Structures are given as structure tokens and as C-alpha cells.
Amino acid sequence: MISWSADKIHDFQETLLAWYDAEKRDLPWRHDQDPYHVWISEIMLQQTQVQTVIPYYERFMAKFPTVADLAAAPEPELLKAWEGLGYYSRARNLKKAAIQLVTDYEGVWPKTAAELQALTGIGPYTAGAIASIAFGEVVPAIDGNAFRVFSRLLKIDADIAKPQTRKIFEAAIQPIVSPTRPGDFNQAIMDLGSSYMTAKNPDSEHSPVKTFNQAYLDGVEDQYPVKTKKARPILKEFYGLVIESPEAVLMVQRPGQGMLANLWTYPLVAKEQVEQLLADNPRMTDLAAVEQLVQDDYQLELHLKQLSLKPVSHTFTHQKWQITLLQAKIDEAVDLSYFPGKLLTKTDLATTPVPTIQAKMAQTVEKQ
DNA sequence: CACACGTGGGT
DNA sequence: TACCCAAGTGT
């Protein structure tokens with residue numbers, strides 16, 4: 001790791017901000033410095049690309065224009081607005097923090113990064129972003145871009161996958177943040193990280209700060225940042241039950257914690273559970289086993305048939321799901337009182353938040 | 001601290 | 001396909 005003189009720091013700030021002034025992207029949340037706008041955009045942008053976020057941000061602001069609107073938002077409406085964005089706890093945490101702002105803070109924003117971290121869903125990165133962009137505090141906002149950019153500029157060898165590495169970067173970046181334009185500085189670093197200084201195929205030759213990029217100058221840019229790899233997703237197999245009445249389909253709400261919390265899907269039966277039953281009844285078919293499980297658990301008699309040849313597949317960060325769809329028809333009169341789900345009509349589904357894996361399943365059913 | 005937590009895009 | 005990556009946080 002190298003360090004910069006005061007003169008070099010000043011040069012870097014001038015160069016970076018001049019480039020930013022000339023080339024910054026026109027994004028919907030850059031039209032003002034309203035902390036609410038900054039906040040919502042920063043949460044949406046966590047682990048999510050700009051192009052994906054733009055339409056969600058526009059719709060969200062139209063539906064929940066102020067902190068008070070967000071604090072009063074019913075969770076299903078909030079999740080529906082978040083549908084397809086992923087990491088749904090972000091949406092629930094937004095509401096929690098909005099309520100904190102309205103009640104604990106009486107609608108007055110805390111203005112420092114240290115204080116902002118008391119709000120649910122706001123960690124060190126987002127706190128730095130809001131404090132610098134909306135309130136002008138001279139603090140870094142260290143996201144994946146900042147880690148990558150400064151690891152190359154300064155040849156920082158610490159593993160950015162390790163939590164403790166943040167301290168090293170904070171200490172290295174804090175003295176470099178522009179004292180007059182901290183918000184623009186942080187956003188410029190992010191723009192740099194998503195243009196010239198990308199993770200793969202960077203274009204440092206044409207970067208506005210190439211003369212400051214020590215890793216590039218030394219011909220070792222491809223060695224930065226240092227980042228250990230994560231575990232691969234593990235396979236989880238399910239049967240998905242498409243139980244249809246003439247006007248509706250049976251859906252269940254997922255538990256309030258864990259994967260896809262509170263979202264709705266077709267009922268899923270883990271293949272593991274089916275195989276346990278088959279171990280004691282080796283001549284039974286998979287379909288019959290699922291029918292018996294549903295009968296035993298929910299007092300519901302079904303006549304299932306396999307709907308799709310290939311399972312519906314979806315890869316999450318840590319799990320790969322494969323769902324074989326099984327279809328059954330029921331009539332409206334059937335007793336669902338033991339079944340932990342609801343018959344939802346097309347109209348109901350328009351206001352029911354579902355994850356992408358459910359959308360994929362529904363699409364597969366439609367094609368039949 | 002290590003891991004869970006979604007999704008879409010790129011190679 | 002499989003893997004990596006993208007404006008991270010909570011537990």
C-alpha cells in the first residue's frame with residue numbers, strides 16, 4: 001500500500017471532480033439532495049445495478065413520496081413495490097426506519113453518518129452516502145466501487161471480503177475525501193468504479209485518474225482488489241403444487257423470517273420429505289407420496305398430475321431451487337380449513353407480492 | 001465473524 | 001452451464 005502527499009491528494013480531488021462535473025450520469029435521484037431521495041436510492045442500489053433500480057425508484061417515489069407515506073405504508077403494498085428487486089428485508093427495514101424517523105426523531109433527520117447508522121437498514125456505507133450527499137459531512141461512502149477503486153489506486157492488499165478490512169479503507173480514504181464537495185466526491189468514485197475501473201475488463205488507459213492508479217502504472221491492476229471467493233449455491237429440490245379452482249389458485253404466504261419472507265408462492269413440498277415417506281413405502285410413486293403428505297397434513301384429497309417435464313429452476317446467492325410442478329383441479333366447495341393458504345383470484349394476485357421464482361412457475365403453468 | 005439474503009447481466 | 005459481479009446489512 002502506498003500513501004499520497006497533501007499535494008497529490010489535492011490534484012486527485014481536482015481531477016476527479018472536474019471529470020465528474022463533465023461526465024456525471026443524469027439519474028433520477030440526482031435531481032436534488034433530499035435525504036429521502038438519497039436514502040431510497042441508496043437502499044435500492046445495494047447489490048443492485050443502476051439500470052435495474054431506475055424504474056423501481058420512479059414508481060416508488062410516485063407511490064410513497066415522503067417519509068410519512070412510507071411509515072404509513074401497508075407491508076403488502078411495500079413488498080409489491082419491491083417485487084422483483086430482491087433482498088426483500090430492505091423493504092421491511094425501510095418502513096421500520098421511516099417509523100423511527102417519524103416517532104423517535106419527530107421527522108427531523110439525523111445528519112451525521114454515526115447517527116444515521118441507528119436507523120434500521122442503514123449500515124456504514126449508506127450512512128456515509130446520505131451524510132455526505134444530503135448533509136455535506138466529510139466522510140467516505142465505501143461500497144464495492146470504493147473498495148475496488150482505492151485498492152487499485154493505493155495498492156491496498158487487504159482482502160475486501162473480510163469485515164475488518166473496512167477499517168483499513170476508512171483510514172486510507174478519509175484524508176482523500178474532498179472537504180468542500182464530499183457528496184460529489186463519493187458519487188464520482190462510484191461512477192469511476194462503474195465505468196473505467198470496473199471489476200472485469202477495466203479501461204484504465206482512458207481513465208481520468210490513470211496517473212493516480214498505482215496498480216495500473218505498475219502493470220498489476222488485475223491483482224486488485226484482493227477478494228476471497230464465496231461458497232457455491234447448494235441444490236434444493238421441491239414439488240410445486242398448482243392447485244386450481246375454476247376462478248382461483250391456491251397460494252401460501254412464506255414465513256416472516258428467512259428466504260423470501262412474507263412473499264407468496266404455490267405450496268412447496270421438499271423432495272427430501274417425499275423421499276422420507278418413500279423410504280418406508282418403496283413401491284409408492286413420488287406423486288402418490290405427495291398426495292398422501294397433503295392428505296395427512298391438511299386433510300385435502302388431491303389427484304395430482306405432473307405438469308412440466310423439466311423443473312422450474314432458479315439460482316439464489318446460496319441456494320439453487322429446482323421445482324417440479326404438479327397440478328390438481330379442485331372445486332370451490334372443497335374444505336381448505338386445514339390448509340395454511342388461500343385461494344387467490346387474478347384480481348387478488350395483482351396486489352399479492354410474489355418472488356421471481358413464483359413468476360417463473362406461473363409462466364410455466366400458463367404455457368401448458 | 002461468517003453467513004443468509006434476490007435478482008439480472010455479463011462472460 | 002456455471003460462475004462472477006453489482007451503490008450492503010442484520011444477525
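Here is how names work: the chains are called A, B, and so on, in the same order as the sequence lines, proteins then strands, and each is numbered from 1. Please read these numbers as outputs of a predicted model, since none were measured by experiment.
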(request) Round to the nearest Å and state the distance from A/Lys360 atom NZ to B/dT7 atom C1'. (result) 9 Å
(message) Salt bridge check, A/Lys24 against A/Asp191: does any charged N sit closer than 4.0 Å to a carboxylate O?
(response) no
(request) Round to a whole Å and report the spacing from CD of A/Gln319 to C1' of B/dA4. (result) 9 Å
(request) Determine the interplanar angle of the A/Phe12 and A/Trp4 rings, folded into 0 to 90°, and report it as parallel if under 30°, tilted if 30 to 60°, perpendicular if over 60°. (result) tilted
(message) Rounded to whole Å, how long is the line connecting atom CG of A/Leu85 with atom C1' of B/dG8?
(response) 11 Å
(request) Take atom CD of A/Gln51 and atom P of B/dT7, then tell me their distance rounded to the nearest Å. (result) 19 Å
(message) Between P on C/dC4 and NZ on A/Lys320, what's the gap in Å once rounded to a whole number?
(response) 14 Å
(message) Expressed as a whole number of angstroms, how long is the span from A/Ile160:CD1 to C/dC4:C1'?
(response) 13 Å
(message) Generate the contact string for nucleotides 6-11 of chain C. Rules: B means base contact, S means sugar-phosphate contact only, - means no protein heavy atom under 4.0 Å.
(response) BBBSS-
(message) With rounding to the closest Å, how many angstrom separate the P atoms on C/dA7 and B/dA2?
(response) 23 Å
(message) Measuring only the C1' atom in each nucleotide, how far is B/dG6 from C/dC5? A whole number of Å is fine.
(response) 14 Å
Compile the donor-acceptor pairs under 3.5 Å between side chains in residues 266-286 of chain A and protein atoms, sequence neighbours left out, one pair per line.
from	atom 1	to	atom 2	distance (Å)
A/Asn281	ND2	A/Leu277	O	2.8
A/Thr285	OG1	A/Ala288	N	3.0
A/Asp286	OD2	A/Tyr239	OH	2.5

(request) Examine the side chains of A/Asp7 and A/His10 and answer whether a donor and an acceptor come within less than 3.5 Å of each other. (result) no
(message) If the cut-off is 4.0 Å, is A/His318 near the phosphate of B/dC5, judged by side-chain N/O to OP1 or OP2?
(response) no
(message) When the P atoms of B/dG8 and C/dT9 are compared, how many Å lie between them, rounded to an integer?
(response) 22 Å
(request) Figure out the CG/P separation between A/Leu263 and B/dC5, and round it to whole Å. (result) 13 Å
(request) Grab the OH-C1' distance between A/Tyr56 and B/dT7 for me, whole Å please. (result) 8 Å
(message) Suppose you measure atom P in C/dC4 against the same atom in B/dA4; what distance do you get, rounded to whole Å?
(response) 16 Å
(message) I'd like to know if A/Lys111 pairs up with A/Glu137 as an ion pair, taking the criterion as any Lys NZ or Arg NE/NH1/NH2 lying under 4.0 Å from an Asp or Glu carboxylate oxygen.
(response) no
(message) Ignoring hydrogens and geometry beyond distance, is a side-chain donor-acceptor pair present between A/Arg90 and A/Asn93 at under 3.5 Å?
(response) no
(message) Can you see whether A/Thr324 engages A/Gln306 through a side-chain donor-acceptor pair at a distance of less than 3.5 angstrom?
(response) no
